Colleague: 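Structure in C-alpha cells, see below.
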Amino acid sequence: MTVQENRFDFTAFDADAVLGWYDQHARELPWRARSPELASAYHVFLSELMLQQTVVATVIPYFNEFIRRWPDIHALAAADEDDVLRAWAGLGYYARARNMVKAAREISTAREGRFPQTADELIKLPGVGPYTAGAIAAIAFAKPAVVLDGNIERVLIRFAGIDQPKKLVKNSLAERYLSVLPETRRSDFPQALMDVGAGVCTPKQAKCDICPLAAGCAARRRPNPEDLPVKPEKPAKPVRQGKIYVITNPFNQILMTRRAPTGLLGGMMGFPSSGWDKSHHDQHLLAALADARKIRLPQGFSHIFTHFRADIDVFHIQVSASWQPPENYSWAEVNPDDWPTLFRKAWQQVETFLRYVGGA
DNA sequence: GATGCGTGGAC
DNA sequence: TGTCCAAGCAT
C-alpha cells in the first residue's frame, strides 16, 4: 500500500497551469456552466450518463433534445420509459437510458428532487458508477471527489510515466488525483483535465508543444509519449451471420417486436430476425411466414457491435391486409429515428429497394 | 475480474 | 477500408 502511494511522482504537477489553460480554451457545452457558477445537477447527471463511452459531438443533440422534452428531474421521472428509449435510439448502450429513468424516479420521489451531493451517495443510483458519481459530485457540487475517466487516467499516467496497465494502478491513481486536486475550482479542475485529455493529450497524438503540463511530464521525455498508457491486447471480433426480416403491410406499416429488457439492444423495439443474437428468437413468427414470399435484398450489410460483427442478410416480406401477426408482434409506423442503428440499416436497404422497384 | 454492452468519427 | 476507440457500468 505504502509502496504504491510513493511509486508515482506528481510533485511537478501544475494544477494552476491546467486551470489557466482551461480559462483560455474551455469549450462551451450545453451542460456546462460558466465558472465560478455551477451547472445544474440535472444537466450534469444527464450529460454524464450520455457521455459514458460516447464523444461530446455525438451527445450534444441528444442532450438538447432531452432537456427540451424533459426540462427537469421530475419531468424525466414522469416520462414514459418507451419515449425515453426512442429518444435515446442511436446513442447506444441502451441500459444507460433505462437506468437513467430509474435513477430519475428515485431522486424525484424518494428524495423529492434533491440530488445526492456526495460520490458515496450518488454511486448508489442505477447507472452511476465510480466515475459518474465523482463527476457529478465535483462538477455540480464542487466536492473534492475523485474523477477518473479515460482522459484523466491517460493524462496522469503519461505525466508520471507509469508503464503499467491501468487496472493495476487505478487505486493509486485515485490517491494521486486527490493529491493534485487544488483547494479551489474543484468543479473546473476535472473538466479542465478532461478537456486536456480530449483535445491535447489524445490517445494517438500527445500534442506536447501546446500542453499546459508539458514542463513536468515524464512521457514527454520519451521517444513516443503515445506509448502510454500500455494497453492490453484485444481479442479478435467474432463474426455472426444473421437475417433480418422487414415485414410490411399494405398500410405502409412495419412489423416490430419488443426486445428483452436486458442484454443486447435491451428494451428496444426491433425487427424479427435470426442468427446474430443468440438470446433473441422469432421462431414462431418465422414459422407462420414459412410460405410467404421473401425477397432477399441484393446487398446485405455489416454492423459492428462492441464484441462481434454481424453480417446481415435482409429479407423483405409483404403481407396482405388480412394477415394477423402473432402475439408480441405489432405494426409500427416507419420511424427509423426511433430504432437502433442495426435496424435503421436494414430498413435503409428495403427503402432503397422499394424506391427502385416503385420508380422503375 | 472478465465479459457484455453501441455507435460513428478520426486516421 | 479496417482499426481504433470515447467523459463506464452491471453482472
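The model shown is predicted, which means the values in this text are computed figures rather than measured ones. Keep in mind that the numbers below use all heavy atoms, side chains included, and drop hydrogens, waters and symmetry copies. Lettering of chains follows the sequences in order, A, B, ..., and the numbering in each one begins at 1.
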Colleague: For A:Gly197, which contact category applies under a 4.0 Å heavy-atom criterion: base, sugar-phosphate, or nothing?
Modeller: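 A:Gly197: no heavy atom of the nucleic acid under 4.0 Å.
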
Colleague: How is A:Leu29 classified with respect to the nucleic acid when contacts are heavy atoms under 4.0 Å: base, sugar-phosphate, or nothing?
Modeller: base

Colleague: Within the structure shown, what part of the strands sits under 4.0 Å from A:Val128 by heavy-atom distance: base, sugar-phosphate, or nothing?
Modeller: sugar-phosphate

Colleague: Would you say A:His303 reaches B:dG6's phosphate, i.e. side-chain N/O to OP1/OP2 under 4.0 Å?
Modeller: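 It does not, given that no N or O in the side chain of A:His303 lies less than 4.0 Å from OP1 or OP2 of B:dG6.
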
Colleague: Could you tell me whether the phosphate oxygens of C:dC5, OP1 or OP2, come under 4.0 Å of any side-chain nitrogen or oxygen in A:Lys231?
Modeller: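 Indeed, a polar side-chain atom of A:Lys231 lies that close.
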
Colleague: OP1, OP2 of C:dA6 versus side-chain N and O of A:Thr58: anything below 4.0 Å?
Modeller: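 Answer is no, no contact under 4.0 Å.
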
Colleague: Any luck finding a side-chain donor-acceptor pair between A:Lys237 and A:His307 under 3.5 Å?
Modeller: no

Colleague: Is the terminal nitrogen or CZ of A:Arg176 (NZ for Lys, CZ for Arg) located under 6.0 angstrom from the six-membered ring centre of A:Phe8 and within 45° of that ring's axis?
Modeller: no

Colleague: Pick base, sugar-phosphate or nothing for A:Thr262, based on heavy-atom distances below 4.0 Å to the nucleic acid.
Modeller: nothing

Colleague: Would A:Tyr177 and A:Phe10 count as a close aromatic pair, with their ring centres under 6.0 Å?
Modeller: no

Colleague: Under 4.0 Å, counting only non-hydrogen atoms across every strand here, what does A:Lys345 touch: a base, just sugar-phosphate, or nothing?
Modeller: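 Nothing, no nucleic acid heavy atom in range.
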
Colleague: Can you check whether A:His307 has a side-chain N or O nearer than 4.0 Å to OP1 or OP2 of B:dC5?
Modeller: yes

Colleague: Is a donor from one side chain sitting under 3.5 angstrom from an acceptor on the other, for A:Thr132 and A:Gln52?
Modeller: yes

Colleague: Among C:dA6, B:dT7, B:dG4, find the nucleotide with the atom closest to the side chain of A:Arg154.
Modeller: C:dA6

Colleague: Taking OP1 and OP2 of C:dA6, is either one under 4.0 Å from a side-chain nitrogen or oxygen of A:Gln53?
Modeller: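 A:Gln53 to C:dA6 OP1/OP2: no side-chain N or O under 4.0 Å.
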
Colleague: Under 4.0 Å: is that the gap between some side-chain N or O of A:Tyr93 and OP1 or OP2 of B:dG4?
Modeller: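 No, outside the criterion.
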
Colleague: Identify whether any heavy atom of A:Pro126 sits under 4.0 Å from a base atom; if not, whether one sits that close to sugar-phosphate; answer base, sugar-phosphate or nothing.
Modeller: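 If one applies the 4.0 Å heavy-atom cut-off, A:Pro126 turns out to touch the sugar-phosphate alone, with no base involved.
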
Colleague: Measuring to OP1 and OP2 of C:dA6, would you say a side-chain N or O of A:Thr54 lies under 4.0 angstrom away?
Modeller: no

